[in-house]
Undergrad: 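Here you go, one structure.
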Amino acid sequence: MEPVAEDWQRALAIVAHPDDLEYGCSTAIAKWTAQGRSVVEVLATRGEAGIDSMDPEEVARIRTEEQIEAARRVGVDTVEFLDLPDGVLEYGLPLRRALAAVIRRHRPEVVLSVNFRETFPGGAFNMADHRALGLAAVDAVRDAANRWVFRDLGLEPWQGVRFVLLGGSPQPTHYVDVTGHLDAGVASLRAHRVYFDNLGADFDPEAFLTGIVEPLGRTVGVTHAMPFELIES
């Protein structure tokens, strides 16, 4: 497994829901922002379908606030929401078009997104929103680079994305040395307090993240390492 190249300045994180980034990606984001790199977060939904016992409008408000706070804890100031419906994201041209517009506006060198594979590490089936969003994000990188695709957006093409990093993939290829940044990653995951309180499960953010970064760190020869699937653009 190779280290992720870090000779870049601007990254764009595109995910489906509040909390998607915090299960690993945000720990790497904490490192990058501490080094002076710019990271913008864009969420397709506000996670309004995520708490069964609460009204979706109230959930959207709470989870929006929690995501903004989670981002702040890892040094991200800009968080945008596309306000697509939670739970029913569909892969296709409308989603690719929306994400291509985001990429053209922000002009990143690196795009982060969610695992689009059928399963999570360990074999559990991945959810539909993740699969639709992650695949659309990878395709939107190429769409954004082609001036003859989505011409109606009125935005200049952007060919500067070097690679896409997918968090939580069962097929990791690269790692980020996040030594010294685990506490920030844990703090960002803990920002989703109301969401976790309503899941009805005993979840320990520190144990969860430590269980990822310590074993991989030993494997690659650092204290803490976060895995990613890297796809060249």
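In this text the structure is predicted, and so the values were computed from the model without any measurement.
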Undergrad: So, for Phe228 and Tyr175, is the gap between ring centers shorter than 6.0 Å?
TA: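 No: the rings miss the under 6.0 Å criterion.
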Undergrad: Could you check whether any side-chain heavy atom of Leu93 comes within less than 4.5 Å of a side-chain heavy atom of Arg97, counting everything from C-beta outward?
TA: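 No; the side chains remain at least 4.5 Å from each other.
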Undergrad: Can you tell me if CG on Asp152 sees more than 12 non-hydrogen neighbours from other groups inside 6.0 Å?
TA: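 Yes, the 6.0 Å shell around CG holds more than 12 heavy atoms from other groups.
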Undergrad: Around atom CG of Asp52, are there more than 12 heavy atoms from other residues, nucleotides or ligands closer than 6.0 Å?
TA: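 Atom CG in Asp52 is not packed in, count stays at 12 or less.
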Undergrad: Tell me, do Pro108 and Trp8 make a side-chain contact under 4.5 Å, heavy atoms counted?
TA: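 The answer is no, as the side chains (C-beta and beyond) never meet within the 4.5 Å cut-off.
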Undergrad: Compare all side-chain heavy atoms of His17 with those of Met127 and state whether any distance is below 4.5 angstrom.
TA: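 His17 vs Met127: side chains touch.
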Undergrad: For Leu95 and Glu90: C-alpha separation, side-chain torsions, deciding distance, then whether side chain to side chain contact (heavy atoms under 4.5 Å, CB included) applies.
TA: CA-CA 7 Å; Leu95 184 56; Glu90 293 183 282; over 6 Å; no
Undergrad: Indicate yes or no for a side-chain donor-acceptor contact from Asn126 to the backbone of Glu118 under 3.5 Å, with no hydrogens or angles considered.
TA: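 Checking the backbone N and O of Glu118 against the side chain of Asn126, no donor-acceptor pair under 3.5 Å is found.
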Undergrad: Output, in order, the C-alpha distance, side-chain angles, deciding distance and verdict of salt bridge (Lys or Arg N to Asp or Glu O under 4.0 Å) for Glu22 and Arg190.
TA: CA-CA 9 Å; Glu22 283 67 55; Arg190 283 183 170 150; over 6 Å; no
Undergrad: Could you pull out the closest heavy-atom pair between Asp129 and Leu89, with the gap in Å?
TA: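 Result for this residue pair: OD1-N, 3.0 Å.
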Undergrad: Do Ile212 and Phe208 have side chains that get closer than 4.5 Å, going by heavy atoms?
TA: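 Yes, side chains in contact.
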Undergrad: For a 4.5 angstrom cut-off between non-hydrogen side-chain atoms, does His192 reach Glu69?
TA: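 A side-chain contact under 4.5 Å is absent here.
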Undergrad: Would Leu12 and Ile68 show up in the same hydrophobic cluster when neighbours are defined by side-chain heavy atoms closer than 4.5 Å?
TA: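 Shared cluster, yes.
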Undergrad: In the structure I gave you, are the side-chain heavy atoms of Leu166 and Arg117 within less than 4.5 Å of one another anywhere?
TA: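 In short, these two side chains do not touch, never coming nearer than 4.5 Å.
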Undergrad: Would you compute the distance between atom CZ of Arg105 and atom CH2 of Trp158 and round it to the nearest 0.5 angstrom?
TA: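 Rounded to the nearest 0.5 Å, the CZ-CH2 separation comes out at 14.5 Å.
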Undergrad: For a quick test of reading the model, state the closest non-hydrogen atom pair linking Val74 to Thr33 and the distance between them.
TA: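 The answer is O-OG1, 2.7 Å.
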Undergrad: Look at the side-chain heavy atoms of Ile, Leu, Val, Met, Phe, Trp and Tyr, link any pair under 4.5 Å apart, and say whether Val138 and Phe120 land in one connected group.
TA: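 No, because Val138 and Phe120 fall into different hydrophobic clusters, even though each may have its own neighbours under 4.5 Å.
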Undergrad: Please find the pair of heavy atoms, one from Pro157 and one from Ala145, that lie closest to each other, and give the distance.
TA: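 So the minimum-distance heavy-atom pair works out to CB-O, 3.8 Å.
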Undergrad: Do Val4 and Leu182 share a hydrophobic cluster, counting only Ile, Leu, Val, Met, Phe, Trp and Tyr and linking them when any side-chain heavy atoms are less than 4.5 Å apart?
TA: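 Val4 and Leu182: one cluster.
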Undergrad: When you measure from the side chain of Thr173 to the backbone N and O of Glu229, does any donor-acceptor pair fall under 3.5 Å?
TA: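 Checked: no pair found.
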Undergrad: For Arg61 and Glu65, run salt bridge (Lys or Arg N to Asp or Glu O under 4.0 Å): C-alpha distance rounded to whole Å, both residues' side-chain angles, the deciding distance at 0.1 Å, then the answer.
TA: CA-CA 6 Å; Arg61 182 190 65 79; Glu65 293 174 355; 3.1 Å; yes
Undergrad: Begin with the C-alpha distance, continue with both residues' side-chain angles, and end with the deciding distance and a verdict on side chain to side chain contact (heavy atoms under 4.5 Å, CB included) for Arg37 and Arg10.
TA: CA-CA 6 Å; Arg37 294 181 174 86; Arg10 299 186 311 280; over 6 Å; no
Undergrad: Nearest 0.5 Å please: distance from the OG atom of Ser38 over to the NE2 atom of His106.
TA: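 The distance works out to 9.5 Å.
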Undergrad: Please determine whether side chain to side chain contact (heavy atoms under 4.5 Å, CB included) holds for the pair Glu41 and Thr78, giving the CA-CA distance in whole Å, both sets of side-chain angles, and the decisive distance to 0.1 Å.
TA: CA-CA 6 Å; Glu41 295 182 6; Thr78 302; over 6 Å; no
Undergrad: Would you check if the side chain of Asn198 reaches a backbone N or O of Tyr195 as a donor-acceptor pair within less than 3.5 Å?
TA: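 Not at all, since once roles are kept as given, no pair shorter than 3.5 Å links the two residues.
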Undergrad: Indicate the atoms forming the closest heavy-atom contact of Leu112 with Trp32, along with that distance.
TA: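 Minimum heavy-atom separation between Leu112 and Trp32: CD2-CZ3, 3.7 Å.
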Undergrad: Hey, what's the ring geometry for Phe196 with Phe203, parallel, tilted or perpendicular (30° and 60° as the breaks)?
TA: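 If you compare the ring of Phe196 with that of Phe203, the planes turn out tilted.
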Undergrad: Work out which heavy atom in Thr27 is nearest to a heavy atom in Gly185; give both atom names and the distance.
TA: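 Shortest heavy-atom contact: OG1-CA, 3.4 Å.
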Undergrad: Phe81 ring centre to Arg46 NZ or CZ under 6.0 Å, with the angle to the axis within 45°?
TA: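 So Arg46 does make the cation-pi contact.
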Undergrad: CD1/Ile103 to CZ/Arg107 distance, rounded to the nearest 0.5 angstrom?
TA: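 These two atoms lie 12.0 Å from each other.
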Undergrad: Hey, is the main chain of Asp86 close enough, under 3.5 Å, to the side chain of Glu48 for a donor-acceptor pair?
TA: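 At least one qualifying donor-acceptor pair exists.
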Undergrad: Please answer: with hydrophobic residues joined when any side-chain heavy atoms are less than 4.5 Å apart, are Val40 and Leu155 in the same cluster?
TA: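 No, Val40 and Leu155 fall in different hydrophobic clusters.
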Undergrad: Please answer: with hydrophobic residues joined when any side-chain heavy atoms are less than 4.5 Å apart, are Ile51 and Leu189 in the same cluster?
TA: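 Yes.
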Undergrad: Nearest 0.5 Å, what's the CG-OG1 distance between Asp83 and Thr45?
TA: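 It comes to 9.0 Å.
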Undergrad: Drop me the distance from His181's NE2 to Ser188's OG, to the nearest 0.5 angstrom.
TA: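 Between His181 NE2 and Ser188 OG, I get 13.0 Å after rounding to 0.5 Å.
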Undergrad: Any non-hydrogen side-chain atom of Phe116 less than 4.5 Å from a side-chain atom of Leu133?
TA: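 Not touching, per the 4.5 Å side-chain cut-off.
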Undergrad: Taking atom CD of Gln159 and atom CZ of Arg104, what is their separation to the nearest 0.5 Å?
TA: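 Going from CD on Gln159 over to CZ on Arg104, the span is 10.0 Å.
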Undergrad: Please evaluate residues Asp7 and Arg162 with respect to the criterion salt bridge (Lys or Arg N to Asp or Glu O under 4.0 Å), reporting the C-alpha separation (whole Å), side-chain torsions for both, the decisive distance (0.1 Å), and the verdict.
TA: CA-CA 11 Å; Asp7 56 339; Arg162 293 171 51 186; 3.0 Å; yes
Undergrad: Before giving the answer on side chain to side chain contact (heavy atoms under 4.5 Å, CB included), spell out for Val79 and Leu43 the whole-Å C-alpha distance, their side-chain angles and the decisive distance to 0.1 Å.
TA: CA-CA 8 Å; Val79 182; Leu43 290 88; 3.7 Å; yes
Undergrad: Do any N or O atoms from the side chain of Ser169 and from the backbone of Asn115 form a donor-acceptor pair under 3.5 angstrom?
TA: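 Side chain of Ser169 to backbone of Asn115: no pair is present.
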Undergrad: Restricting to non-hydrogen atoms, name the atom on Lys31 and the atom on Asp177 that form the minimum distance, rounded to 0.1 Å.
TA: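 Looking at all heavy atoms of both residues, the shortest contact is NZ-O, 2.9 Å.
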Undergrad: Going through the checks in order, is the salt bridge (Lys or Arg N to Asp or Glu O under 4.0 Å) test met by Asp19 and Arg63?
TA: CA-CA 9 Å; Asp19 85 346; Arg63 299 197 72 193; 3.7 Å; yes
Undergrad: Any heavy-atom pair between the side chains of Val141 and Val161 that's under 4.5 Å?
TA: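 The answer is yes, as the side chains (C-beta and beyond) meet within the 4.5 Å cut-off.
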